[in-house]
Amino acid sequence: MGEPGKVYLVGAGPGDPDLITVRGAQLCRDCDVLIHDSLVPAELVSSSSAPEKIYVGKTDGGHAMSQEEITALMVGLALRPDGPRSIVRLKGGDPYVFGRGGEEALACREAGIPFEVVPGVTAGVAAPAYAGVPVTHRVTSRGVIFFTGHLAGGNLEHLPWDQLASSGFTLVSYMGVKTAGRITERLLEAGLDPETPAMMVQEGTTPGQRSVTGTLETIARVAEEAQIRPPAVTILGRVVELSARLGAQRPRPLAGRTVVVLKAEESSYDELAPLRRAGARVVEVPIVRCAAGPEHHQGRATVAGLGPDDVVLLRSGAAARFFGQAWLAVNPGPQPRLIAGSRTVAHTLRGFDLQVSFTEERAAGAAKILAAAGVEPGSTIWLPRSRGAGDRTIRVLREGGYHPRPIPLYDTLPVVVPADVQSLLSSGRTDAVLFLSGSCVEAAVAAAPGLATEAGKGITFGAVGPLTAGVAEGLGIHCAVIPERPRVGDLIGSLMAAMGVGDPAPEGMEDDRTDPPPSSG
Ligand code: SAH
């Protein structure tokens, strides 16, 4: 048996996905297995490229897995012969603060499994901070006590109430929403001043952040009236008064908004960054995948027959990739003339040691690209692409006097959509859904038919280009956001403008890819 895998106990931070540490984010992205639970920001999970993601959190009914099962799972994975090398156990906040991370670490130690802990920003500090409360403050609050209001073993009696009440420190309770009434009663009985300022913060640092204030005597009632729900922390102490002067941290313009981006499995888009910076929760969902098989032999045979007199136009990353692969496989000598629809496409082609004779820099229609490249009308234009691609480019090229000849080199296939994403789409709990290709629309409607009916009602749909929007329309989905140039960056700009943030300035080009545009990464 080889060396065991390594377990990383990673703190995910309090809720805002940007509040994870750099080390933690890197491990989440690159690990072999990601084990996560309910208080972990969904974005950290969806953006991880871990081949295996295991949800062990609470379902509505209770624990999906017991602590013992989770520990056994982790240890079992690490000890599996030829198993994963890196296992990230991602836990909300800090892994060692009320998260049973200590037990998981000990279990690893006992099983001889190497582990590393990556601390996180704990909710008991972060939620008050975002609500305008520093947990300690000069003179008035020289310390802070974190305690749990969870009724482990059935009661709260074992907490040292007298000491909590007389400490003079800020008190922060975790897991104490249901027990708020009993906690405050005990503290009153133990002699803590009924007028002690109090606050409860729900879903701190997330778009759903809400807080209520009161006193030790009133806070439980106030929170109940305001329907404060877990996860929430309760803060008791003079520091709560500072919130009146500091104010809650202003949410970013798109805080609270969720944008689902339906894309191809192999792509990632830096262009989504502005949305995230504006505070939106961006869920990237790989919903299609491009694949070549024996059924594309004809396309490859066509590629084998191309020579220096032929002109090949490539406009998507997948097209460039499959063309490059086919070319290397058949390797028939002098290459045809290659025209790249974007810099990314050119870059991909060069990765196959191919010469690119022209690269479109500004994004234009197919006929315009050819004209700019100096290709005479009347020429035959070879178009490597997906089997199911639409005929818009063909039409545009014919109108421009060219003779387009498609080369089907791959298929765009749907990917199985994880249950959590399916429910996100079917429930309408998202503000915007962006389709990066017609095949993405088809796959999405297949996975969540409700998108075209009930669930889709409150959603703003966006399409990368008119053809994609046309596919959506055909399936009963109206795309309100379509950028003038079919570029992901422009789509994001248009969406942000539609949401009242930012302002893009695009220009025209047709769009008929079935596979999404080239990724930036
Ligand atoms: N390890 C976590 C705490 C796990 S216990 C940490 O360090 O933060 C879970 C409790 O944490 C919840 O019941 C709630 O009291 C608190 N909590 C977690 N996320 C929170 C948030 N975003 N806002 C307020 N409280 C939160």
Side-chain angles (χ1 to χ4, degrees), residues 16-18 41-43 46-47 206-207 251-264 267-288 316 342 344 363 421 424-425 427-445 448 451-452 455-473 475-513 515-521:
D16 179 335
D18 285 351
E43 238 171 327
S46 70
S47 63
T206 76
R252 288 177 283 173
L254 294 182
R257 309 292 196 92
T258 300
V259 180
V260 175
V261 181
L262 301 171
K263 59 169 198 174
S267 53
S268 70
Y269 298 96
D270 291 343
E271 292 93 327
L272 302 176
L275 267 181
R276 294 204 164 101
R277 274 199 297 275
R281 178 178 158 228
V282 181
V283 185
E284 291 178 63
V285 181
I287 201 155
V288 294
S316 81
S342 74
T344 322
V421 174
L424 179 67
L425 290 174
S427 64
R429 269 184 294 115
T430 169
D431 296 276
V433 172
L434 302 181
F435 301 113
L436 299 196
S437 73
S439 56
C440 291
V441 184
E442 286 159 358
V445 173
L451 267 188
K457 272 190 181 143
I459 298 177
T460 301
F461 291 101
V464 73
L467 191 97
T468 300
V471 173
E473 209 72 51
L475 291 170
I477 293 176
H478 173 68
C479 292
V481 178
I482 310 167
E484 296 211 7
R485 296 185 309 181
R487 293 270 160 118
V488 177
D490 288 7
L491 173 61
I492 299 306
S494 303
L495 176 68
M496 290 177 71
M499 289 174 132
V501 193
D503 183 17
E507 68 182 68
M509 164 172 163
E510 83 282 1
D511 146 60
D512 66 349
R513 287 183 291 247
D515 51 304
S519 51
S520 51

| task | Could you list all the salt bridge (charged side-chain N to carboxylate O under 4.0 Å, His left out) pairs where at least one residue sits in residues 432-441, not counting sequence neighbours? | result |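 Checked against salt bridge (charged side-chain N to carboxylate O under 4.0 Å, His left out) - neighbours excluded - no pair reaches residues 432-441.
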
| query | Do the side chain of Thr430 and the main chain of Thr258 share a donor and acceptor less than 3.5 angstrom apart? | reply |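 Yes; at least one donor-acceptor contact below 3.5 Å.
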
How close do [X] and [Y] get, counting heavy atoms only, and between which atoms?
| X | Y | answer |
| --- | --- | --- |
| Ser342 | Arg487 | CB-NH2, 3.9 Å |
| Pro274 | Met496 | O-CE, 3.6 Å |
| Val259 | Ala280 | CG2-CB, 4.4 Å |
| Thr468 | Ala463 | CG2-CB, 3.8 Å |

| message | Using the side chain to side chain contact (heavy atoms under 4.5 Å, CB included) criterion, which residues pair with Ala443? Sequence neighbours excluded. | response |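 For Ala443, the residues satisfying side chain to side chain contact (heavy atoms under 4.5 Å, CB included) (neighbours in sequence not counted) are Ile287, Val288, Pro414.
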
| Residues in side chain to side chain contact (heavy atoms under 4.5 Å, CB included) contact with Val471, at least two apart in sequence or another chain |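 Expected list: Val441, Glu442, Leu475.
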
Atom [atom1] of [X] and atom [atom2] of [Y]: how far apart are they, to the nearest 0.5 Å?
| X | Y | atom1 | atom2 | value |
| --- | --- | --- | --- | --- |
| Leu491 | Tyr269 | CG | OH | 10.5 Å |
| Arg257 | Leu495 | CZ | CG | 9.0 Å |
| Leu436 | Glu271 | CG | CD | 9.5 Å |

| said: With side-chain contact (heavy atoms from CB on, under 4.5 Å) as the criterion, how do Met499 and Thr460 come out once you've worked through the C-alpha distance, each side chain's angles and the decisive distance to 0.1 Å? | reply: CA-CA 9 Å; Met499 289 174 132; Thr460 301; over 6 Å; no

| task | Starting from the C-alpha separation in whole Å, work towards a yes-or-no answer on side-chain contact (heavy atoms from CB on, under 4.5 Å) for Glu484 and Asp490. | result | CA-CA 8 Å; Glu484 296 211 7; Asp490 288 7; over 6 Å; no

| message | In the structure I gave you, are the side-chain heavy atoms of His478 and Glu473 within less than 4.5 Å of one another anywhere? | response |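 The answer is yes, as the side chains (C-beta and beyond) meet within the 4.5 Å cut-off.
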
| query | Heavy-atom distance under 4.5 Å between the side chains of Phe435 and Ile477, does that happen here? | reply |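 They are in side-chain contact.
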
| Of Val481, Val464, Ile492, Val260, which is the lone residue that meets side chain to side chain contact (heavy atoms under 4.5 Å, CB included) with Leu434? |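 It is Ile492; the other options fail the test.
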
